[in-house]
Colleague: 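Below you'll find the structure I mean.
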Amino acid sequence: SQQGEEDPQALSIQEGENATMNCSYKTSINNLQWYRQNSGRGLVHLILIRSNEREKHSGRLRVTLDTSKKSSSLLITASRAADTASYFCASSGNTGKLIFGQGTTLQVKP
Amino acid sequence: DSGVTQTPKHLITATGQRVTLRCSPRSGDLSVYWYQQSLDQGLQFLIQYYNGEERAKGNILERFSAQQFPDLHSELNLSSLELGDSALYFCASSISGGDTGELFFGEGSRLTVL
């Protein structure tokens with residue numbers, strides 16, 4: 001399979017709590033990206049972290065990257081009901097392909 | 001609105017038929033990517049074009065073909081359709097063709113094969 005793995009597959013939390021999603025990938029990368037998809041809609045880019053970076057922040061999002069473990073995590077702080085969506089990591093190597101993981105479905109309860 | 005336009009939004013057809021999905025990238029973007037999303041396979045990379053040339057290929061079936069035209073719009077042709085081809089097909093675009101940066105996705109074309 002092309003894809004890496006994401007963990008957990010599904011996550012349900014209360015509004016205000018933090019949500020953490022993990023992603024593993026298979027080959028060496030130039031960058032790793034996170035996308036969000038509302039049900040049946042197109043994916044929306046959230047954040048990109050380069051292979052020489054270890055941590056990146058954007059608003060309530062924090063992404064970490066561990067290239068030695070071929071893994072990344074996405075933390076959404078102070079979650080809101082509007083954060084309910086599926087979240088995908090995507091790895092970019094030298095081939096020009098952007099390979100997506102299976103995704104984590106996040107439900108934030110009001 | 002990502003600026004990427006896909007048509008048609010929905011398509012219902014029969015097994016054995018052929019369909020064409022169309023994508024107009026964001027203004028200024030030279031790269032177009034096609035992805036297939038299904039419940040059992042997830043989001044699968046099919047193919048990438050950069051400025052009219054094929055740049056990268058994924059798990060695209062031989063029954064499927066794509067091209068990017070001089071005006072940079074792209075078409076994905078699916079032939080001899082099977083039930084398992086039912087999926088959401090996404091087009092995405094980006095400025096670059098090498099180290100893949102941010103992709104901008106269209107809203108997808110939902111194909112149902114009966």
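Note on naming: letters A, B, ... go to the chains in the order of the sequence lines (proteins, then strands), and numbering restarts at 1 for each one.
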Colleague: Transitively linked via ILVMFWY side-chain contacts under 4.5 Å: B:F64 with B:Y49?
Modeller: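 The answer is yes; both residues are in one hydrophobic cluster.
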Colleague: Can you tell which part of B:Q37 gets under 4.5 Å to a heavy atom of chain A, answering side chain, backbone, both or neither?
Modeller: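 The side chain, not the backbone.
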Colleague: Could you state the interatomic distance from NE2 (A:H45) to OG (B:S2), rounded to the nearest 0.5 Å?
Modeller: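 OG of B:S2 is found 13.5 Å from NE2 of A:H45.
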Colleague: Side chain of A:Q33, backbone of B:G101: donor and acceptor closer than 3.5 Å?
Modeller: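 Indeed, once roles are kept as given, a pair shorter than 3.5 Å links the two residues.
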Colleague: Between CD of A:Q102 and CG of B:D40, what distance do you get to the nearest 0.5 Å?
Modeller: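 So the gap between those two atoms works out to 9.5 Å.
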Colleague: Check whether A:V108 and A:L61 end up in the same hydrophobic cluster, where Ile, Leu, Val, Met, Phe, Trp and Tyr are linked by side-chain heavy atoms less than 4.5 Å apart.
Modeller: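 As far as the 4.5 Å side-chain criterion goes, A:L61 and A:V108 are connected within one cluster.
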Colleague: Answer yes or no: are there more than 12 heavy-atom neighbours, outside A:R80 itself, under 6.0 Å from its atom CZ?
Modeller: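 At most 12 heavy atoms, drawn from other residues, nucleotides or ligands, come within 6.0 Å of this atom.
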Colleague: Is B:Y35 close to chain A through its backbone or its side chain, or both, or neither, when contacts mean heavy atoms under 4.5 Å?
Modeller: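 Side chain only.
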Colleague: Are B:Y50 and B:L72 connected in the hydrophobic side-chain network, where two residues link if heavy atoms are under 4.5 Å apart?
Modeller: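 Yes; tracing contacts between hydrophobic side chains, which count when under 4.5 Å, links both residues.
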Colleague: Please check if B:L21 and B:V4 belong to a single hydrophobic cluster, counting links between Ile, Leu, Val, Met, Phe, Trp and Tyr side chain heavy atoms closer than 4.5 Å.
Modeller: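 Unlinked, B:L21 and B:V4 end up in two clusters.
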Colleague: Nearest 0.5 angstrom please: A:Q37 CD to B:L43 CG, how far?
Modeller: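 Between A:Q37 CD and B:L43 CG, I get 7.0 Å after rounding to 0.5 Å.
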Colleague: Taking all heavy atoms of B:F105 and all of A:L43, pick out the closest pair and write down the distance.
Modeller: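 Looking at all heavy atoms of both residues, the closest pair is CB-O, 3.3 Å.
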Colleague: State yes or no: do B:L61 and B:L46 share one hydrophobic cluster built from I, L, V, M, F, W and Y residues joined by side-chain heavy-atom distances below 4.5 Å, directly or via other members?
Modeller: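 Yes; B:L46 is reachable from B:L61 via cluster members.
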Colleague: If only atom types and distance count, is the side chain of A:K97 paired as donor or acceptor with the main-chain N or O of B:F45 below 3.5 Å?
Modeller: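 Not confirmed, A:K97 side chain does not pair with B:F45 backbone.
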